[in-house]
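These notes are about the structure you will find just below.
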Protein chains: 2
Amino acid sequence: MDNKRELFQIMTRRFGLLNKNCCTIGGCDISPIQSHILYEVDRQHKPSMQQIANTLGTDITTFSRQIQALIKMNLLNKTPDPSDRRVYTLSLTPEGKYVATTIDKQMNDYLDEAFSYMSLADQEMVLRSIHLLNEAMAKSDKCCRPIMG
Amino acid sequence: MDNKRELFQIMTRRFGLLNKNCCTIGGCDISPIQSHILYEVDRQHKPSMQQIANTLGTDITTFSRQIQALIKMNLLNKTPDPSDRRVYTLSLTPEGKYVATTIDKQMNDYLDEAFSYMSLADQEMVLRSIHLLNEAMAKSDKCCRPIMG
DNA sequence: TTCAATTAATTGTACTTTGCAAGTATTAGG
DNA sequence: CCTAATACTTGCAAAGTACAATTAATTGAA
């Protein structure tokens with residue numbers, strides 16, 4: 001129980017695999033990165049491209065091309081911000097919303113299944129723990145930041 | 001507290017970023033995947049290539065090339081298995097061991113820093129929780145498996 | 001007001017990563 | 001033996017990545 005890194009390494013590997021294998025909806029294959037993008041666009045209110053790219057820690061040039069791909073797949077809208085014409089705000093198309101919702105549901109189903117192997121009390125504890133962990137990591141400035149020095 | 005996926009999405013993103021930014025030792029840059037490989041080779045006893053590739057869920061062809069890169073960087077040894085000449089077993093060179101140990105230390109330092117924002121009781125709880133979670137995911141057959149249907 | 005500095009986003013280019021298909025070599029099983 | 005299965009490698013093409021440079025718009029200080 002002493003080596004934190006071991007615990008986290010294995011946990012994050014499992015979720016990486018989960019992300020990898022959870023993203024074929026209808027005809028289209030969604031890569032993990034694209035899934036993350038859809039997720040964040042759904043969560044944030046009319047985000048700009050920079051905003052999402054920073055959140056996800058991707059280079060803006062790579063991000064720009066990912067956005068182009070998602071627009072071509074008809075999952076995303078890019079609209080010029082009237083108050084600052086350098087900025088484009090992102091939003092989900094109805095199809096994009098559907099895909100995002102479906103992925104969300106799939107992920108939750110998978111997680112529910114995994115959680116079913118724990119007692120209710122443990123389930124509670126685990127969720128509370130991850131919540132605490134996320135808060136702690138948000139406070140940290142050396143570790144786990146969207147943008148690192 | 002209801003949406004599991006949200007909690008996990010954010011947590012895993014942070015650790016993804018941590019992995020991304022934690023791997024420059026001495027002269028050489030280690031990619032997250034390579035760091036995972038070194039970690040697993042260190043952990044398992046004289047593993048074969050297939051073994052590690054399966055553990056990490058990477059295609060064996062991609063994996064083969066990653067191994068070549070790590071050998072070129074002098075971090076890994078690939079020795080033929082005398083009992084089955086199709087098989088190669090992997091082991092760390094002294095340099096590889098050093099790199100693996102250093103990454104481990106860095107990761108633990110980062111995690112310790114994040115944990116320092118929690119009470120000792122919470123730290124305990126979080127570690128216990130992740131442990132439970134890993135066990136639950138290992139039991140699951142739909143979710144989070146090294147190899148998925 | 002004006003113009004240099006900053007910011008948001010895109011494009012050119014080059015490099016890396018990835019995985020399928022195909023191939024080699026070895027072992028296992030009928 | 002000889003077919004099937006396994007471990008690993010290489011060819012190739014597609015996708016992802018990021019640095020450098022560019023465009024366009026905004027900010028701010030002289």
Side-chain angles (χ1 to χ4, degrees), chain A residues 13 16-17 19-21 23-24 28-38 40-41 44 46-73 75-91 146-148, chain B residues 13 16-17 19-21 23-24 28-38 40-41 44 46-73 75-91 146-148:
Chain A
R13 177 187 309 152
L17 292 168
N19 244 302
K20 216 176 184 173
N21 290 291
C23 304
T24 304
C28 63
D29 263 350
I30 310 288
S31 74
I33 314 113
Q34 292 173 340
S35 146
H36 274 246
I37 293 173
L38 293 180
E40 274 306 318
V41 170
Q44 296 185 25
K46 294 271 175 194
S48 74
M49 294 185 57
Q50 274 295 346
Q51 231 169 304
I52 304 278
N54 283 347
T55 306
L56 300 181
T58 3
D59 188 273
I60 185 70
T61 67
T62 304
F63 187 77
S64 174
R65 279 183 255 253
Q66 288 285 0
I67 295 301
Q68 288 168 24
L70 287 167
I71 289 171
K72 200 172 287 175
M73 295 161 83
L75 302 176
L76 219 58
N77 290 317
K78 200 178 78 174
T79 42
D81 182 337
S83 74
D84 184 340
R85 284 191 297 170
R86 291 170 303 180
V87 175
Y88 290 85
T89 57
L90 301 172
S91 58
I147 306 170
M148 320 233 334
Chain B
R13 177 187 308 149
L17 292 167
N19 244 304
K20 216 175 183 176
N21 291 291
C23 303
T24 304
C28 61
D29 263 349
I30 311 289
S31 75
I33 313 113
Q34 293 173 338
S35 147
H36 275 247
I37 293 174
L38 294 180
E40 274 306 316
V41 172
Q44 297 186 23
K46 293 271 175 192
S48 75
M49 293 183 58
Q50 273 296 348
Q51 230 169 304
I52 304 279
N54 284 347
T55 306
L56 301 180
T58 5
D59 188 274
I60 185 69
T61 67
T62 305
F63 188 77
S64 174
R65 280 182 257 253
Q66 289 285 0
I67 295 302
Q68 288 169 26
L70 288 167
I71 290 171
K72 200 172 284 173
M73 294 160 84
L75 302 176
L76 217 59
N77 291 318
K78 200 178 78 173
T79 44
D81 182 337
S83 75
D84 184 340
R85 283 190 298 170
R86 291 170 302 180
V87 176
Y88 290 85
T89 57
L90 301 172
S91 57
I147 304 170
M148 320 233 330

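First the proteins, then the strands, lettered A, B, ... as listed; each starts at 1.
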Practice task
Assign each of Gln51(A) and Thr61(B) to its nearest nucleotide of DNA chain C by heavy atoms, then name whichever residue's nucleotide is nearer the 5' end.
Solution key: Gln51(A)
Practice task
Look at Lys78(B) and dT9(D) and indicate whether a side-chain polar atom (N or O) is within less than 4.0 Å of OP1 or OP2.
Solution key: yes
Practice task
Would you please confirm or rule out a distance under 4.0 Å between OP1 or OP2 of dG19(C) and any side-chain N or O of Thr62(B)?
Solution key: yes
Practice task
From the options dT18(C), dT10(C), dG19(C), select the nucleotide whose nearest atom is closest to the side chain of Ile60(A).
Solution key: dT10(C)
Practice task
To the nearest Å, give me how far apart CZ (Arg86(A)) and P (dA25(D)) are.
Solution key: 10 Å
Handout entry: Residue Tyr88(A) excluded, over 12 heavy atoms near OH under 6.0 Å
Key = no
Problem - Heavy-atom side-chain proximity of Leu38(A) to Leu76(A) below 4.5 angstrom - result: yes
Practice task
Return the value, rounded to whole Å, for the distance between atom CE of Met49(B) and atom P of dT26(C).
Solution key: 16 Å
Exercise for the section: Would you kindly give the CD-to-C1' distance between Gln66(A) and dA15(D), to the nearest whole Å? Expected result: 9 Å
Handout entry: Between dT6(C) (P) and Gln50(A) (CD): distance, integer Å
Key = 16 Å
Exercise for the section: Starting from P on dA9(C), measure out to CD1 on Ile52(A) and report it in whole angstrom. Expected result: 10 Å
Practice task
Tell me which of Arg65(A) and Tyr88(A) sits closer to the 5' end of DNA chain C, going by the nucleotide each one is nearest to.
Solution key: Tyr88(A)
Practice task
Calculate the interatomic distance between Ile67(B) atom CD1 and dA7(D) atom P; express it in whole Å.
Solution key: 15 Å
Handout entry: N/O donor-acceptor pair under 3.5 Å between Thr55(B) side chain and Gln51(B) backbone
Key = yes
Practice task
Say whether, by atom type as modelled, one donor and one acceptor occur between the side chain of Thr89(B) and the main chain of Thr79(B) under 3.5 angstrom.
Solution key: yes
Exercise for the section: Round to the nearest Å and state the distance from Lys72(B) atom NZ to dT9(D) atom P. Expected result: 13 Å
Exercise for the section: Kindly indicate whether the side chain of Ile30(B), heavy atoms from C-beta on, has any atom under 4.5 Å from the side chain of Met73(B). Expected result: yes
Exercise for the section: Classify the nucleic acid contact of Thr58(A) as base, sugar-phosphate or nothing, counting any heavy atom under 4.0 Å across all strands shown. Expected result: nothing
Exercise for the section: Using whole Å, report how far CG of Asp59(A) lies from C1' of dT11(C). Expected result: 13 Å
